[in-house]
Amino acid sequence: MRFRISVVAILFLSPLVFLSGVGGYHLWKTGWSFVASFSMIACYCLAYGLAWFWTRRKSKGVLPNAGPTEPLAYWTDRDKAAWALVEQTANAVTRISVEEATDARKYAADAQDLALIVTRVYRPAAADPFRHLTLPELLTCAELVAQDLAALVDTYVPGSHLIRTGDLGRVQQAADWYFKARNAYWLASAVFDPIRTGFQVAATKIGLTTPWQKLRENVLLWFYTAYLRELGRYLIELNSGRLKVGAARYRELMGTARGPDAGRSEPERSTITLAIIGQVKAGKSSLINAILGDQKAVADVLPATDGVSRYELRDPTTLDLLDTPGYDQGGPNDKEATAATAAAESADLILLVAPARSAARSADLIGLDRLASSFAKKPHLRLPPVVLVLTHIDLLTPATEWAPPYDWQGMRPKEQAVRDARA
């Protein structure tokens, strides 16, 4: 395979080398090389300007984003804190040489350092980032990182399946020999025509050498930054316990395939769970009846809770409703708060049902504060989004002013009353 590639490369480059030599000799013989230098300088300067601009853009540049750049939406606050450290580590790498990019020991050492940084977010006293993990979990993490990086390179680096790490070193050696030969040529040319040679040296240095070096450094930095971010993302999933199911099952749950964007979408859920909280007589039962229609049978009781009823709706999708005990105007007591917290831990969304006419709105604020406090003590969990369901708005004064549908953003007195109740 290597012999065939070499033959194809030689046959492809030979005409270009021949024409470059003949053309250069002809320009020098006819005296047009000095005039052509101005055009070369203009092209090189434009190339340098574009390379300088594109390599500094955060997006829409020459290369795509290096790995994931945002925390996943389902991550907890602790996961996001770990991701901030991953981003800090990746952004701290500003340059990487060819030797470093082809050194497997650097990848392994940086992987161990990053693993320890992430692990200490979850286990602050950890001295070994892998001691608490099983071998299948570690292999799953390595497999997912390798799959995503392979897909990233296959997508954005043409011919990458033909490039060996040793080839990069040989290219660097060839480039070094080329630069030495070019410098010797310039030194000899300067003896006969120093002005023209000076223009050629300046044009080449400014317009060709510098942009090419920047582009090469940017490609290596792009890949290594992607490596750190992909590794960091799966180290977070690893320490959060989400890789216990294995690589194939993890991708199935996440609804992703192998590819540069794998793992960035939201998990596909077969069931959507709503936790319904609120005061006594706030209208929770009416809301549940409106959602379920005739399917009002209780499916079962949430395990380890007292008073949380679960209702299930299977048309058109599976929907679980967790009905928590209502609390009085003083806010939920310990038993009611525990039930609400247990329901929220199992839910994708919380519906806070609040009566518009109730003066005891502080009870709902107390309930939300107790929920937030409970989740703050469990950094491995994330408080689901809360949607306010404002009931009894038709009873706000003036009660007979208008009927549904309610344009609560309007300017009439009752519309203003609805806005005040919502606020």
Side-chain angles (χ1 to χ4, degrees), residues 58-59 64-93 110-126 129-130 132-133 137-138 140-142 144-145 147-149 152 222 224-245 247 250-251 253-256 259-269 272-273 275 340-350 352 368-387:
K58 295 294 184 181
S59 61
N65 289 327
T69 57
E70 298 291 339
L72 301 183
Y74 62 84
W75 276 355
T76 65
D77 290 340
R78 184 169 62 177
D79 296 336
K80 293 178 181 178
W83 177 252
L85 295 177
V86 171
E87 278 283 80
Q88 180 179 341
T89 303
N91 292 333
V93 182
D110 287 353
Q112 188 161 1
D113 292 342
L114 185 60
L116 185 58
I117 291 173
V118 172
T119 300
R120 282 180 174 167
V121 176
Y122 299 84
R123 293 171 176 80
F130 307 119
H132 64 288
L133 300 169
E137 288 177 287
L138 293 174
T140 296
C141 180
L144 291 169
V145 174
Q147 288 176 353
D148 285 3
L149 286 176
L152 188 74
W222 166 78
Y224 203 75
T225 303
Y227 163 72
L228 292 176
R229 285 176 173 157
E230 292 286 0
L231 177 63
R233 182 253 299 274
Y234 287 118
L235 285 172
I236 292 172
E237 298 290 85
L238 179 68
N239 283 277
S240 298
R242 287 187 281 267
L243 298 189
K244 293 180 182 293
V245 296
Y250 173 82
R251 292 215 185 275
L253 292 173
M254 294 297 157
T256 59
D261 297 321
R264 297 179 193 176
S265 62
E266 286 299 295
E268 289 186 354
R269 299 290 301 276
I272 299 174
T273 304
T341 300
E345 290 178 1
S346 303
D348 302 293
L349 184 70
I350 297 174
L352 172 60
L368 288 177
D369 288 342
R370 296 198 65 169
L371 262 182
S373 177
S374 298
F375 275 82
K377 298 175 183 177
K378 302 175 181 179
H380 61 288
L381 298 177
R382 182 175 70 97
L383 181 66
V386 180
V387 174

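Counting begins at 1 with the first residue of the sequence.
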Minimum heavy-atom distance [X]-[Y], with the two atoms named:
X	Y	value
K80	P71	CG-CB, 4.2 Å
P384	A347	CG-O, 3.5 Å
L85	V121	CD1-CG2, 3.5 Å
V145	E230	CG2-O, 3.9 Å
L144	Y250	CD1-CD2, 3.8 Å
L371	A344	CD2-CB, 3.9 Å

Report task. Determine the sole option in T225, V118, L231, I117 for which the side-chain contact (heavy atoms from CB on, under 4.5 Å) test with T89 is passed. Result -> I117
**Report entry** Main-chain N/O of V86 paired to R229 side chain as donor or acceptor, under 3.5 Å
**Finding:**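 No.
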Report task. Please confirm whether the backbone N or O of T76 pairs with a side-chain atom of D79, one donor and one acceptor, at under 3.5 Å? Result ->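 A pair under 3.5 Å: yes.
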State the [atom1]-[atom2] distance between [X] and [Y], to the nearest 0.5 angstrom.
X	Y	atom1	atom2	value
L383	D77	CG	CG	9.0 Å
Y234	N239	OH	CG	15.0 Å
L114	Q112	CG	CD	11.0 Å
S374	D369	OG	CG	10.5 Å
L228	R233	CG	CZ	13.5 Å
S240	R78	OG	CZ	6.5 Å

Requested in this report: Consider only side-chain N and O atoms of D148 and Y227, and report whether a donor and an acceptor are under 3.5 Å apart.
Outcome: no
**Report entry** Criterion side-chain contact (heavy atoms from CB on, under 4.5 Å) on L133 and L243, from CA distance to verdict
**Finding:** CA-CA 10 Å; L133 300 169; L243 298 189; over 6 Å; no
Does any non-hydrogen side-chain atom of [Y] lie less than 4.5 Å from one of [X]?
X	Y	value
I350	V387	no
T140	V245	no
L235	Y122	no

Report task. Kindly assign one of parallel, tilted or perpendicular to the pair W83 and W75, based on the angle between their ring planes and the thresholds 30° and 60°. Result -> tilted
**Report entry** Worked verdict on T341 versus R370 for side-chain contact (heavy atoms from CB on, under 4.5 Å)
**Finding:** CA-CA 9 Å; T341 300; R370 296 198 65 169; over 6 Å; no
